[in-house]
Amino acid sequence: MNVVTRFAPSPSGYLHIGGARTAIFNYLFAKKHSGKYLVRIEDTDKKRSSEKAIEAIHKGLSWLNINSEYEIIYQSQNFSSHIKIAYELLEKNLAYKCFLNSNELQELRLKSREKGIPIKSPWRNRKDQNEDKNREFVIRLKMPSEGTTTIDDIVQGTVTIKNEILDDMVILRSDNTPTYMLSSVVDDNNMGITHIIRGDDHFNNAFRQIQIIKYLNWNIPYYAHIPLIHGTDGAKLSKRHNATSLFAYKDLGYTSEAMFSYLLQLGWSAKNDEDYFVDRATKLFTLEKVNKSPAKFDLKKLNNINSKNLNNMKVSDVYNLVANRFQLQLNDDEKKRFIALLPELLKRVQVYTDLEKEFDWLFQKDFFCKDKNNQIELQKNNLMLIEIGTNLKKCKWSIENIKNCLNQYILKNSLTFKDIGPILRMALTGKTTSPDLVSIIYELGCTITLNRLNYNYQYKIKSK
RNA sequence: GGUCCCUUCGUCUAAUGGUUAGGACUCAGCCCUUUCACGGCUGCAAUAGGGGUUCGAAUCCCCUAGGGAUCACCA
C-alpha cells in the first residue's frame, strides 16, 4: 500500500506544539512506509485565517525539519469542488436545505441539549425546499438515524456509536462556503490520503465525516487519533497554559532536535531505552505503539533532553546557533576562545540562551568585576594576584605550564588551590562559579589574564 | 447533562496471564573535585478502588470513582 498522510493545520494562530507533534507523527509514519507526507492549510474560515499564521506554520515545520517535499495545498483553493459535492449530496437527497435562522437554531440547540439528543432541523423532511428563494439557507447532511457506525482506529481501537447521536451537520454555510467537515473529507479523498493521523479531539468528528464518505462510496481511510498533550493541570493544552507556541520554545533556547524528540516521546515509545531523534525514530515508528492516554507536558524532561542534545551537537553548530541568536560580532580570537570553552559551558546550561551570562567576562576587553563586595575582596588580595600574574607572564603558554605555575605558587606559599581559586575566578570571570580555571587562563591568553589580575590598576582606570 | 475515550512511581513510559513491576526525568544522599557543572553509584517512589474469571491478573470481564475530549453556519 502506498501510504499518504497529511498534516492539516488551520492557520488561525501560531503553530501549536500539539499541532507540531501531529505533524511529526504524520511525517514519521509516511517516511517509515516510504509514502507521501503532505501539508494542507485548512483556511476555509477566512475570518480566522491569516497570512502571518500560515507563515508561522511553514517556519515551524522548517525548523523541525519536517517540511513536505510536495506542494502545499490550500483548502480555500478547492472551494468549488467542495461546493459541488455539497450540491451532489443535495441532489441525491442525502442532504437538505435548512432555512432556520440563528434565533430558531439557538432555541433548538437548547432544547436538544436538554433532552440529550442531536439537533434535528424541521427542514430535514420538508418538501418545500425551493419555495423560499430569497431566504438564506445552509445545507445539512442527512445523517443516518438508525444503526451504528464503527471505526477501527489504529490508536484508539474499535469504537462503535449509535447513529442516532449524529447531528445533521452543516456542510455548506449560508454564504455558500463549505465547512471544515465537508472540505476536509473531500480534500482527503482528492489527495488520496490513506491514513488520517490527527488529534484525539477529532475522534467524534470521524463518526460524522465518515457518513459523507459512505454516501459517496469513497474509500474509507485508516484513522489514528493520537492523544492530546495536556498541561500540568491535566487539561488540553491551550492558551491559558504558558508556552504553547512552538516558537516560544525556540526562543527560549531549545533545539529543534530536542523538541522533536520530546514531542515524539510524549505518547510514543518503541523500546524505552533512549531518546529518539529523527533517524532512529523513522526506523522504529509504528502507530500501534502510540499510547491511548494523554500525556502531560513536562518542562524538566524537555530540559534534560535539550541539555543532552546540546552536548552532543557539533560545537560549531552550537556556536552558530548562539552567534545567530545574540548577533555576536566576534573577532577570530574571541570566536576561537568561545568555541574552546563552549563544551565546558554547555555542561552548565539546559538551554543555549543561558550562555548569555558568560558573554560579559568572555569577551569584554575592559572587563572587571563590578560587584562591590567582591571588589573589596579582590583589592585585599591584590598582591597575590599580581604575583601569580608575574609568574604566569614568565611561563610558556600551555595548559600544562599554567597548571604547574599555579601549583608552584601554592607550594611556595604553603597554600591549597582552595586558597587561590575563588579569588582568581573572581578576578578573571567576575563570578563565583566557572569552568576549570587553568583552561580559562589558557584561553583568555596571557595579556588579558595579566590585565585582569592586575586588579587595582584596572579598578583605577574604571573609576576615573 | 448526552456521547465517546482514558487511568502503572510526582512526570514520560516498559512489562501483549507467571518479573523482587523495569527504565528515564525530577528529588535526596554519597563518590569524583579548584568552584559550578558533567560523570559514577545508591536511595525514595506506582499498577485508582471493589468484585469476578484463572493454579496464577498491571494484563481478561463487570461495577464504582476520578480525569479528559466533544456536543458551532470554528477547525
Side-chain angles (χ1 to χ4, degrees), chain A residues 8-13 42-45 47-49 75 98 100 102 105-106 109 112-119 136-140 151 153 155-157 159-162 164-167 169-181 183-184 198-208 225 227-228 230 232-236 262 265-275 288-289 291-305 307 311 343-349 406 410 416-422 424-426 429 431-438:
Chain A
S10 65
S12 55
E42 309 233 313
D43 52 351
T44 49
D45 186 1
K47 280 166 282 189
R48 292 168 59 147
S49 305
Q75 193 153 63
C98 166
L100 249 29
S102 60
L105 198 58
Q106 183 62 20
R109 192 175 292 137
S112 304
R113 179 121 190 209
E114 227 172 77
K115 290 185 191 163
I117 55 169
I119 293 180
E136 284 197 334
F137 64 87
V138 299
I139 295 183
R140 290 181 182 275
I151 290 181
D153 192 277
V155 172
Q156 302 294 333
V159 179
T160 300
I161 57 108
K162 291 196 182 91
E164 63 197 41
I165 68 153
L166 266 13
D167 68 322
M169 65 188 181
V170 174
I171 54 176
L172 199 73
R173 301 189 185 97
S174 55
D175 63 359
N176 205 44
T177 59
T179 60
Y180 157 80
M181 284 298 181
S183 296
S184 174
R198 72 222 305 195
D200 192 32
D201 49 345
H202 283 288
F203 198 36
N204 290 296
N205 289 337
F207 291 95
R208 305 203 283 161
H225 287 93
L228 303 177
H230 281 180
T232 42
D233 61 348
K236 174 178 159 181
Y262 179 63
Q265 69 177 258
L266 229 40
W268 179 82
S269 133
K271 290 180 176 172
N272 192 28
D273 51 355
E274 51 185 284
D275 298 324
E288 284 76 12
K289 293 291 273 183
N291 274 309
K292 294 173 91 166
S293 54
K296 288 181 186 168
F297 193 86
D298 181 22
L299 205 60
K300 284 175 178 161
K301 183 84 176 182
L302 210 209
N303 280 335
N304 179 264
I305 293 174
S307 157
N311 283 287
E344 274 305 310
L345 293 173
L346 281 177
K347 287 180 188 165
R348 291 155 173 82
V349 299
L406 293 181
I410 289 167
T416 68
F417 211 109
K418 285 182 181 166
D419 298 316
I420 66 163
L424 267 178
R425 179 167 291 110
M426 190 55 67
T429 70
K431 292 155 65 88
T432 54
T433 65
S434 79
D436 166 54
L437 277 170
V438 175

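When reading the values below, keep in mind they use all heavy atoms of this one structure, side chains included, and skip hydrogens, waters and symmetry mates. Numbered from 1 within each chain, the chains take letters A, B, ... in sequence-line order.
Spacing between atom CG of A/L166 and atom P of B/rC4 amounts to 12 Å, rounded to whole angstrom units. Taking atom CZ of A/R208 as the reference point, atom P of B/rU3 lies 16 Å away to the nearest angstrom.
The partner of B/rC9 is absent, by the rule that a Watson-Crick or G-U pair needs both atom distances under 3.5 Å. In this structure, B/rA37 forms no base pair with any nucleotide, since neither Watson-Crick nor G-U wobble geometry is met with both distances under 3.5 Å. Base pairing annotation: B/rA69 forms a Watson-Crick or G-U wobble pair with B/rU3, both donor-acceptor distances under 3.5 Å. Pairing of B/rC55, defined by two Watson-Crick or G-U wobble distances under 3.5 Å, is identified with B/rG18.
A/S49 contributes a side-chain N or O that, together with a main-chain N or O of A/D45, makes up a donor-acceptor pair within less than 3.5 Å. For A/Y262 (side chain) and A/N303 (main-chain N/O), no donor-acceptor pair under 3.5 Å exists by modelled atom type.
Nucleotides B/rG40 and B/rU59 place their P atoms 36 Å apart, quoted to the nearest Å. Look at the C1' atom in both B/rG52 and B/rA57: the space between them is 11 Å, to the nearest Å. With both ends at atom P, the span from B/rA58 to B/rU7 equals 16 Å, rounded to whole Å. Comparing the C1' positions of B/rG10 and B/rC27 gives a spacing of 10 Å, expressed to the nearest Å. Taking atom C1' in both B/rG29 and B/rA45, the straight-line distance is 15 Å, to the nearest Å. Taking atom P in both B/rC44 and B/rA69, the straight-line distance is 36 Å, to the nearest Å.
Counting atom types as modelled, A/N205 pairs a side-chain N or O with a base atom of B/rA75 as donor and acceptor under 3.5 Å. A donor-acceptor contact under 3.5 Å is not formed by the side chain of A/T179 with the base of B/rC73.
For A/V170, the side-chain atoms get nearest to B/rC73 when compared with the rest of B/rC5, B/rU3, B/rC73. Looking at the side chain of A/I165, the nearest of the listed nucleotides B/rA24, B/rU3, B/rA75 is B/rU3.
Among the atoms of the strands shown, only primed sugar atoms or phosphate atoms (P, OP1, OP2) are found under 4.0 Å from some heavy atom of A/T44. Among the heavy atoms of the strands lying under 4.0 Å from A/N291 are primed sugar atoms or P, OP1, OP2 only; no base atom is included. Contacts of A/M169 with the nucleic acid, taken as non-hydrogen atoms under 4.0 Å apart, are absent. At a threshold of 4.0 angstrom between heavy atoms, the contacts of A/K296 are confined to the sugar-phosphate backbone, with no base atom among them. A/G157 comes within contact range of no nucleotide atom at all, as no heavy-atom separation falls under 4.0 Å. A/S293 comes within contact range of the sugar-phosphate backbone alone, with a heavy-atom separation under 4.0 Å but no base atom that close. At the heavy-atom level, A/L228 lies under 4.0 Å from the strands shown only through sugar-phosphate atoms.
Taking the syn range as angles within 90° of 0, the glycosidic angle of B/rC38 is syn.
A/K289 has a side-chain polar atom (N or O) that falls below the 4.0 Å cut-off from OP1 or OP2 of B/rA15. In this model, the phosphate group of B/rU70 is approached by a side-chain N or O of A/K236 to a distance below 4.0 Å at OP1 or OP2. Between A/R109 and B/rA72, a side-chain N or O to OP1/OP2 separation shorter than 4.0 Å is present. Residue A/R198 places no side-chain N or O under 4.0 Å from the OP1 or OP2 atom of B/rA75. Neither OP1 nor OP2 of B/rU11 sits under 4.0 Å from any side-chain N or O of A/T232.
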Where do A/F207 and A/H202 land on the ring pair (Phe, Tyr, Trp, His ring centres under 6.0 Å) test, with the steps shown first?
-> CA-CA 9 Å; A/F207 291 95; A/H202 283 288; over 10 Å; no
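For the pair A/D167 and A/R140, the salt-bridge criterion is not met [side-chain N within less than 4.0 Å of a carboxylate O].
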